[in-house]
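One structure below.
Quantities reported herein were computed from a predicted structural model and do not represent experimental measurements. Here is the naming used below: chain letters follow the sequence lines, and residue numbers restart at 1 for every chain.
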Amino acid sequence: MATYKPVVVQAAPKLGEKITQDTLYWRGYKTPVQIKEFGAVNKIHFSPVSPYNYAVTASSRIHIYGRYSQEPIKTFSRFRDAAYCATYRDDGNLLVAGSEEGSIRLFDLSGRAPLRQFDGHTKAVHVVGFLSDKYRIFSGGDDYSSNLWDIPSATEIVSYSEHTDYVRCGCASKVNADVFITGSYDHTVKLFDARMKSSVMTIDHGQPVESVLLFPSGGLLVSAGGRYVKVWDVLKGGQLLVSLKNHHKTVTCLCLNSSGQRLLSGSLDRHVKIYSTTSYKVVHSFNYATSILSLALSPEDETIVVGMTNGVLNVKHRKPEERKEKSQKRQPAYRTYVKGRTYMPKQEDFCVSKPVKRVLRKYDKLLKSFQSSKALDAVLEPPIRLYTPEVTVAVMQELHRRGTLRSALAGRDEKQINLLLTFVARRVIEPRFTPVLVTVADMITDIYQPVVGQSAIVDRQFLKLQEAIGKEIDYQEELLEVLGMMDTLFATFTQKKATYLDEKKSNGLTETTETNTND
Amino acid sequence: MVAPVALRVVRCGGGSLHGARAVFSADSKQVGLGPGYLLCASGDFVKMYSLATEETLRLMGGHADLVTGIQLNPHNHMQLYSSSLDGTIKLWDFMDGIPIKTFTVGSKLLALYTLASSEDSVFVVIPKSGERDTFQLVSVKLPKGAGQDLEANELSVVLDGVDASPKHIAFGREAEYVASVKDINLQVYFFKQKQLHRFSVSAVKTKSGNNRFSCVACHPTEDCIATGHADGKIRLWRNFCHKKEYTFSTLHWHHDTVMDLAFSVEGTSLLSGGVESVLVLWRNESDCQKDFLPRLGSPIEYISMASDGTLCCTLHTDNRITIINSNLRFSRSIQGLIKSADIKTGLVVDPRTKALVLNGEPGHLQFYSLQSDQQLFSLDIVQRQYIHQAGLNQIDLVKVAFSPQGKWLATVEEREEVTDPELQLKLWFYDEETQSFKLNTRINMPHEDHITDMCFRDMDELEDDSLILVTAGRDCVFKVWVMVEDTDPEAQQSVSWSCDFVGSYHNYQATNCCFSEDGSLLAVSFEETVTVWDSVTWDLKCTFCHPPGKIRNICFGRLTCSKYLIGATDAGFLCCWNLLSCALDWSAHLNILVLQPDPLSEHIAAVSWLSKESSLFVFKPNEPRPIYIQRNFCREKIQLAAFVPRDEPETIGSEKYLWLRRSQLFFLTDTQELITLSMKSLEERLTPSSKQLAVEESLPVTPFSLLLGKHRHQQSQEDIDLGRVFLRNKRAQDSPAVKELLHTPAHVLPSASFLCPIFINSLLISKENKSAEEVADEVEMESEKTEDDSDEERDVTEMKQEDPSPVELLGEMTCKLSKSQEKELRKIRKMDFSWISAF
């Protein structure tokens, strides 16, 4: 014997952005805090230790911000010209920064004056960083060289001049204390080992490299330059794993989230895209007001800080985890809850299972007892009517199927007819509802034809319905016209393409043109 | 091989169960039966079901026409009367399934009633001689002769002008009166007073129907008659022994005809059922106290009560039997092939279970097991509440297709609508975990108009990813659907289906589609033309046309005949095209209704319909001459056919029936009876195990019977022992220990640890037995010499006779034994081997 089957509500696939776990996760940030800096923000770096302050390099200053402070906690402003790339050491005690004049300065977070100054670069130093042994610093400058410095003695250990253009980005390996990479505008990324005299690996990115990133495991390398983000397998000798082209302007910065599962890239096209590092598909993207220069994510993804070309620092904090609202109902006492749960049935016991009580929606209950009018009333309640019109339409369809729609629609007063007509006029143009609602509108006009003219409100609604349908018809006609035009275009296009291909073949060109699949 | 056996047409399921009310076998406690049986008229047969297992235990055949009534013999609860349209009443011993007596009445019998008070007569409804459409209730005196076939000529008319339906007559309390209804008249005849009272209700025609009588039931203890009406009312008549002062009260719940009424055994409550498929229980004959058992699946046709009142059963129009507890709880249902209003899906064989798949309950797909004549399960496709109301236009299942391995199921459901039909294509994935189909993709409006045909690409060797579904629609296109992997790794489903290609041909309606065996070609018929498409590039390869008439069926040849394409047109032609030469190879003038290729061989079965008789032709596409022709094998129109692969190829001696070796052919007639062609007789087809079960259950369990059973068992085993000693492990299963273990209810069994050694022991080949064989060996050793001689002799005899039957051989052998050997043999025979079987 079958049980009552609830009304099937047709779920239409949602157009536009799909709601995935990722969208939910990345949407969980509060509205951003905007902080105005003095110039374009070229680097943001989070302190690796709690309380996760972050250093923002903009113009000739380095500001240290606390987690929720909108004013800098500390400022280093001993630069004559622009400062670059302020980076924390692993223990969060030291900070290193390059500068336009070519010197690299090392600061203690507690003091103001630089602890050490490393001179050797002849031009601006755009990239500096600590190696993972904490005692050495690597740097890359506009003089095409990549250097390695010893902190205690403040001397240069080794200098590599292998790049043939400005070195603008770099990254140290977290696994090996001797390995670091630099990316340059000469389109290459070079991997250096401090124990070797020259670079150990060169990867050709194809565009000026703006940012490089090593995965925590050290096995994968990500480079950004031009519109491309490319992922390379270092262990396989720099083999290209995947090339991502999701931005339509130069990608300027890269960042991994704390778990290493997502890769973020910021670009001059004002977007931050988030990729899954398993499938390398874009799972989410953020929009910003202006071009993005730098990007950083705090540990635990607590904060996203984005620096723009116009000097605006955009800080987004994560919303606190939503606590489930405790229901006011008193839970039964633990004793009652546990009672009988641990009872093991004995051999001679008969087990009688309690029938599962199925909860039916209100309209289903009414439909089950064949109360058509009331069921229709139930789905014309505001929350259902406004937010889930598909339920209303599904019930109308079910009533039509049962042959009781006419009687359910009949015998209503002015207010209810008004409500019904408003709903129909508003939804009848939606393609998924049209077949049902046209029938409904038909029946309503049939039933209430004799009373037209008695109520101004109802008359107005009838006119509105007429207007909506008229508009829709015009719209469809226009669409058909467009379709016809497109058909003719396509027809000519395919013919031309065929001849074009033939020409190509005759020329012996086999290269296929890349199609633009950018979003 | 002996004489060539002819193929018999065997009915193996379906038919209609609603010839008469079902009958419960007598009270289980009285007779000491198990849970009892249910007896049912089914076509020309009487079926017996076990109430415990829902199995069909027995099929009692013998009537030459529809069985119209069955009643227990009121004087012997182990006997059953059955009446049939062939004019005979048969008395059966239903426990053994033997007809005891046959009484020939002569005219058509339309209903049968038995009464406890009348010793030797039964009541039947027969047509009045000389007049059409008038019937009379007569009592037939059953003669007490010695023979099996007796003439029953002593008829006495009880009531005239009755209705033919068995529901329109009921006998009152202690057989004092009989009530009969017809149209708007109720007649009550009192036997003692010999009085006839007539009552009538005023003919009122409302919009919900008229108030004609539809059924009648009498109160078992009081003078009260309940009548059901076509407008859904139930009237309770009282005081009808007076012509004028009669009264009636009305109960009204049903919105449509009351199909049947039944009083409970004590008469305290009344059960009624109708088209709504709700069983209504009226308590104390009042309008306000009623209980419902809703959603029984299909309209109720008959209601019957068990004599002890613990159970009641409803017979539904779709052949289902529902058994209901006395507290109005659904207990179980017995369902064979469910009859549906219209089988639109065709006969499809599930590749996984080898079950027949077709429309079942409205909106459901039934999986029908051919072996057990039971419904395996019913898959809810539409998933909407079905409203049992006449004139409603509800969604129905129209097309079904299985992927070759049975992993995917595609279904099409539609709702006929004047303006635009509602269509849905659903794709179901077989979930190994839950062992059932799970909805994967739902496509709304796959075509603009009705879908006419659907098929999967049948490629065994390829991966499942290359699965392709093709649907042909009346909107002049066919569409190709493919599986698409969902790119999102976190998505719930990894695959879904989407449209890949839309093909059309000159704006003709697509009517059929079919893939070739290797899946490389797709044939789609567009009205008069068959088009052949490449299944990789979707290019139109060639077209075939046989001008007069539209294409009705197409199919590709298989195996060695894969270069042929067969098509049947509605102008009455069967054409065979060669795909290599793109030319017509042969054609035959036949009005083919059904064209069915065998999936396991080259053979194709075609059923033609000519002048009210169906004929079967089996042919290979490469030769125009049919292999097998059976003309007029069925009177009814054959609607559908299907080849069902056999589990293991059957050994078929005759060349003529080789096409039946790998698969069996089943047909469905337009009365939804399932028939097949078989060389075995009906008795062979019934499983012997179920027969035995019935007999065993019928024996009351007493210590003596146990003892006797053991003894009999030993005897039978002795026989087997003398014949063959090898089948030990088979016999172990029917050793008494195991049997008792299996038959005793679980709650009275001792613990498993106690039973285990016994059970294990029973499975072992006992040592004593071995020693017995050794003894036999020793005996043989003694007579080795003489036996050698006889062996030689036997060889000679074998040489002489080319084809001796084994029995003859045995006889000759024994008579040529020497005297000493005979002595030995006698000795062995005298030895008591009974202890072997005892172990």
(request) Using side-chain hydrogen bond (donor to acceptor under 3.5 Å, both in side chains) as the criterion, list what pairs up with A:Lys362, not counting sequence neighbours. (result) none

(message) Let's test your reading of the structure: which of B:Ile395, B:Thr322, B:Asp380 forms the most heavy-atom pairs below 4.5 Å with chain A?
(response) B:Asp380

(message) Tell me every residue that passes side-chain hydrogen bond (donor to acceptor under 3.5 Å, both in side chains) with A:Gln466, counting only those two or more places apart in sequence or in another chain.
(response) none

(message) Between A:Gln397, A:Glu398, A:Arg432, who has the most heavy-atom pairs with chain B when the cutoff is under 4.5 Å?
(response) A:Gln397

(message) Does any backbone or side-chain atom of B:Glu361 lie under 4.5 Å from a heavy atom of chain A? Answer side chain, backbone, both or neither.
(response) neither

(message) Quick one about A:Asp301 and A:Tyr25 (side-chain donor to acceptor, distance below 3.5 Å, no hydrogens or angles considered), yes or no?
(response) yes

(message) Using heavy-atom distances under 4.5 Å, tell me whether B:His388 contacts chain A through its side chain, its backbone, both, or neither.
(response) neither

(request) Please say whether more than 12 non-hydrogen atoms of neighbouring residues, nucleotides or ligands are located less than 6.0 Å from CG in B:Asn507. (result) no

(message) Please classify the contact of A:Gln347 with chain B as side chain, backbone, both or neither, using a heavy-atom distance under 4.5 Å.
(response) neither

(request) For the residue pair A:Arg262 and A:Trp26, establish whether any side-chain heavy-atom pair is separated by less than 4.5 Å. (result) yes

